[in-house]
Amino acid sequence: MANEATLWMELDLPIPFTVADGSGIEKGTVCKMSDPMTAAASSADNDVFAGIAAEEKIASDGRTKLGLYRRGIFKMVIEAGNSTTVGQDVVIKGANTIGGYTTLDDEKGYVIGKALETGAAGESVLVILGGF
């Protein structure tokens, strides 16, 4: 995969989520959440944020738990056609990419954090996850 998030500052310890044994998830992968407290690699605009993989999960290794960061400061890539402005809420826009939120994204729970830098498509910016 590409565009994995890079940990810049750890603010909390990773939280264990259930993952599929057959799935491979690289360290730094932005993950989406499903019920019950299950995570998989993000893939689409407005996936519900589970966290960022704290370590690599090798496919079919027998593990069904993976630690995810839900708080911290990360360098994250902005999706094509999107941008961020410092202080703006950001959402998942695709596989490991983010962008500024649009109408109702905050009410639907799609916001993952706030941009700490202004950036354009393809650039990496610092984002603070949760707890802001």
Side-chain angles (χ1 to χ4, degrees):
M1 195 166 268
N3 299 328
E4 284 82 8
T6 304
L7 180 64
W8 193 75
M9 183 178 290
E10 185 178 56
L11 299 178
D12 271 338
L13 295 175
I15 297 169
F17 275 71
T18 300
V19 293
D21 177 39
S23 295
I25 300 173
E26 293 184 37
K27 180 179 180 177
T29 297
V30 178
C31 294
K32 62 183 175 181
M33 183 170 23
S34 61
D35 188 43
M37 203 171 167
T38 301
S42 67
S43 59
D45 186 18
N46 291 331
D47 278 343
V48 177
F49 182 67
I52 296 176
E55 60 185 321
E56 182 177 9
K57 161 67 176 87
I58 298 169
S60 302
D61 64 356
R63 292 180 34 212
T64 58
K65 292 289 184 183
L66 180 65
L68 301 180
Y69 287 109
R70 292 194 42 91
R71 285 187 26 122
I73 299 175
F74 287 81
K75 210 49 152 159
M76 301 181 79
V77 177
I78 301 171
E79 174 74 17
N82 287 274
S83 63
T84 62
T85 304
V86 67
Q88 180 181 24
D89 289 339
V90 296
V91 297
I92 296 171
K93 289 293 186 182
N96 291 331
T97 57
I98 58 160
Y101 89 105
T102 55
T103 306
L104 299 181
D105 282 352
D106 51 347
E107 289 91 342
K108 293 179 180 178
Y110 297 148
V111 173
I112 68 169
K114 285 196 180 290
L116 298 177
E117 299 177 310
T118 297
E123 292 183 332
S124 293
V125 294
L126 289 173
V127 173
I128 186 166
L129 302 179
F132 43 81

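Since the structure is predicted, the reported quantities are computational estimates derived from the model, not experimental observations. Atom set for the values below is all heavy atoms of this structure, side chains included, hydrogens, waters and symmetry mates excluded.
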task = Look only at the side chain of R63 and the backbone of V19, and say whether a donor-acceptor pair between them is shorter than 3.5 Å.
result = no
Single hit among V90, L126, I52, N96 for side-chain contact (heavy atoms from CB on, under 4.5 Å) with M76 = I52
Heavy-atom pair of closest approach, residues L68 and A50 = CD1-CB, 3.8 Å
remark   = dist T84:OG1 -> K114:NZ (nearest 0.5 Å) comes out at 12.0 Å
ask   = Is it true that Y101 and V77 fall in one hydrophobic cluster, defined by side-chain heavy atoms closer than 4.5 Å?
value = no
ask   = Distance from T97 atom OG1 to E4 atom CD, nearest 0.5 Å?
value = 11.5 Å
query = Between atom CG of L13 and atom CD1 of I15, what is the distance when rounded to the nearest 0.5 Å?
reply = 9.0 Å
request  = Using a 4.5 Å cut-off on heavy atoms from C-beta on, say whether the side chain of Q88 contacts that of V127.
outcome  = no
key: Spacing of NZ belonging to K65 relative to OG1 belonging to T38, to within rounding of 0.5 Å   = 7.5 Å
request  = Could you tell me whether the side chain of D21 and the main chain of D61 form a donor-acceptor pair under 3.5 Å?
outcome  = yes
Heavy-atom closest pair, residues A115 and T85 = CB-O, 3.7 Å
task = Taking S42 for its side chain and G94 for its backbone only, find out whether a donor-acceptor pair lies under 3.5 Å.
result = yes
Step-by-step side chain to side chain contact (heavy atoms under 4.5 Å, CB included) determination, L11 to L129 = CA-CA 9 Å; L11 299 178; L129 302 179; over 6 Å; no
inquiry  = Surrounding NZ of K32 (heavy atoms of other residues, nucleotides or ligands, distance under 6.0 Å), is the total greater than 12?
reply    = yes
query = Would you say the side-chain atoms of N82 pair up with the backbone N or O of A80, donor to acceptor, closer than 3.5 Å?
reply = yes
query = Is it the case that more than 12 heavy atoms not belonging to F17 sit under 6.0 Å from its CZ atom?
reply = yes
message = Please give me the minimum heavy-atom distance between I25 and A40, naming the atom from each residue.
response = CD1-CA, 4.5 Å
key: Heavy-atom pair of closest approach, residues G81 and A121   = N-CB, 3.6 Å
key: Sequence-distant partners of E117, salt bridge (Lys or Arg N to Asp or Glu O under 4.0 Å), two or more places apart   = K75
message = Pair D45, Y110 - check side chain to side chain contact (heavy atoms under 4.5 Å, CB included), show working.
response = CA-CA 9 Å; D45 186 18; Y110 297 148; over 6 Å; no
query = Nearest 0.5 Å, what's the CD1-CG distance between I128 and L116?
reply = 6.0 Å
task = Say whether I58 and L66 are linked into one hydrophobic cluster, either directly or through other cluster members, by side-chain heavy-atom distances under 4.5 angstrom.
result = no
task = Can you measure from CD1 (I112) to NZ (K93) and round to the nearest 0.5 angstrom?
result = 11.0 Å
query = For the residue pair A59 and G22, what are the closest heavy atoms and their distance?
reply = CB-O, 3.4 Å
query = Between I98 and V125, is any pair of side-chain heavy atoms under 4.5 Å apart?
reply = yes
